[in-house]
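Please read the structure below before turning to the comments.
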Amino acid sequence: MKKIKTYYLLLVTALSLFVLSTFVKKDIKYTLNISDTYYVISGPDFYKCFAILTLTLGLIYFVLDQSEVVLKKIFTKVHIFATLLLIATLIFFNYKNNASKTIIIGSTITSHINYGLYVSFNLMILVFLQFFFLINIFNAQIKNLKNIAAK
């Protein structure tokens, strides 16, 4: 029986996000507030951006698997699951950020929650996590060079 590779989740997620981007309304806007600057992206482009990210990561894992580069399994699983979790929470917080601005009559608790801060923090962790992925690749390559030099 053939094992299912963990990076297949990235490829399935990419396909799902591409399909989801076709059903999202174009008038939905996602905002990212960094200091005094607002970055606004449309809904379909937001999903396509993360679909391209997950597709790229999935293809890199596929190429590394086919070329028999041995990455640390725990680091690979942490990277893949954390990336998927962060993308899901980023989509959720962006949705809540947009929903909290459109509610006219609502509770006072939801009007004081700053979801834009959660979005920024989530995006910073997502970027840091990609450096973690690169460190895992470089670590595997250095280990491979040491094994070749030892022979």
Side-chain angles (χ1 to χ4, degrees), residues 2-26 28-101 110 112-151:
K2 193 172 184 178
K3 283 188 175 182
I4 296 176
K5 306 288 183 176
T6 316
Y7 63 84
Y8 288 160
L9 285 173
L10 291 171
L11 299 173
V12 170
T13 303
L15 180 65
S16 302
L17 288 173
F18 272 125
V19 169
L20 189 63
S21 71
T22 60
F23 295 114
V24 174
K25 293 180 183 177
K26 292 184 190 231
I28 293 176
K29 305 288 185 215
Y30 291 102
T31 59
L32 177 64
N33 182 13
I34 300 175
S35 186
D36 292 336
T37 308
Y38 281 95
Y39 297 100
V40 180
I41 186 168
S42 69
D45 292 338
F46 181 78
Y47 288 106
K48 285 177 188 173
C49 175
F50 287 113
I52 290 170
L53 173 70
T54 55
L55 179 66
T56 304
L57 291 173
L59 289 177
I60 290 171
Y61 274 117
F62 178 75
V63 168
L64 290 173
D65 187 37
Q66 294 300 314
S67 61
E68 297 177 357
V69 174
V70 180
L71 299 174
K72 290 203 174 229
K73 289 184 181 181
I74 187 70
F75 291 154
T76 301
K77 287 184 181 185
V78 166
H79 174 255
I80 291 173
F81 289 126
T83 299
L84 294 177
L85 180 69
L86 285 170
I87 288 173
T89 55
L90 189 63
I91 291 170
F92 173 74
F93 286 141
N94 253 323
Y95 169 76
K96 292 298 275 184
N97 190 23
N98 288 335
S100 68
K101 291 178 184 175
T110 57
H112 295 313
I113 296 175
N114 186 6
Y115 289 108
L117 182 64
Y118 294 137
V119 169
S120 300
F121 183 70
N122 213 353
L123 200 55
M124 286 189 316
I125 293 174
L126 188 64
V127 169
F128 170 74
L129 195 60
Q130 304 319 308
F131 286 115
F132 185 73
F133 171 56
L134 292 175
I135 290 169
N136 191 10
I137 293 173
F138 288 130
N139 185 25
Q141 292 301 323
I142 290 171
K143 211 179 243 188
N144 190 17
L145 289 174
K146 285 182 182 178
N147 288 341
I148 291 173
K151 290 182 182 180

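Everything numeric here is computed off the predicted structure, so don't read it as measured data. Just so you know, residue 1 is the first one in the sequence shown, and it goes up from there.
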*asked:* I'd like to check Leu126 versus Phe50 (side-chain heavy atoms, cut-off strictly below 4.5 Å). Are they in contact?
replied: yes
*Around Phe62, counting heavy atoms of other residues, nucleotides and ligands shown, do more than 12 lie under 6.0 Å from its CZ?*
no
*Decide yes or no for Gln130 and Leu57: does some side-chain heavy atom of the first lie under 4.5 Å from some side-chain heavy atom of the second?*
yes
*Do Leu55 and Leu10 come within less than 4.5 Å of each other through their side chains, counting heavy atoms only?*
no
*More than 12 foreign heavy atoms under 6.0 Å from CD of Gln66: is that the case here?*
yes
*If you measure from CG on Leu9 to OH on Tyr61, what distance do you get to the nearest 0.5 Å?*
11.5 Å
*Between CZ of Phe133 and CZ of Phe128, what distance do you get to the nearest 0.5 Å?*
14.5 Å
_Nearest 0.5 angstrom please: Asp45 CG to Lys26 NZ, how far?_
8.5 Å
*Would you say Tyr8 has more than 12 foreign heavy atoms packed within less than 6.0 Å of its OH?*
yes
*If you draw a 6.0 Å radius around CD1 in Ile4, do more than 12 non-hydrogen atoms from other residues or ligands fall strictly inside?*
no
_For a 4.5 angstrom cut-off between non-hydrogen side-chain atoms, does Thr22 reach Tyr47?_
no
*asked:* Does atom CD1 (Ile74) have a neighbourhood of more than 12 heavy atoms from anything else shown, all under 6.0 Å?
replied: no
_Between OG1 on residue Thr13 and CG on residue Leu84, distance to nearest 0.5 Å_ = 4.5 Å
*Do the side chains of Val69 and Ile137 get nearer than 4.5 Å, heavy atoms only?*
no
*Can you tell me how far OG1 of Thr83 sits from CG of Leu129, rounded to the nearest 0.5 angstrom?*
4.0 Å
*Would you give the length of the straight line joining atom CZ of Phe81 to atom OG1 of Thr6, rounded to the nearest 0.5 angstrom?*
5.5 Å
*If we only count heavy atoms from C-beta on, is the Val24 to Phe46 side-chain gap below 4.5 Å?*
no
*Quick one: are Leu64 and Tyr7 in side-chain contact, heavy atoms under 4.5 Å?*
no
*Is the shortest heavy-atom distance from the side chain of Asp65 to the side chain of Lys5 under 4.5 Å?*
yes
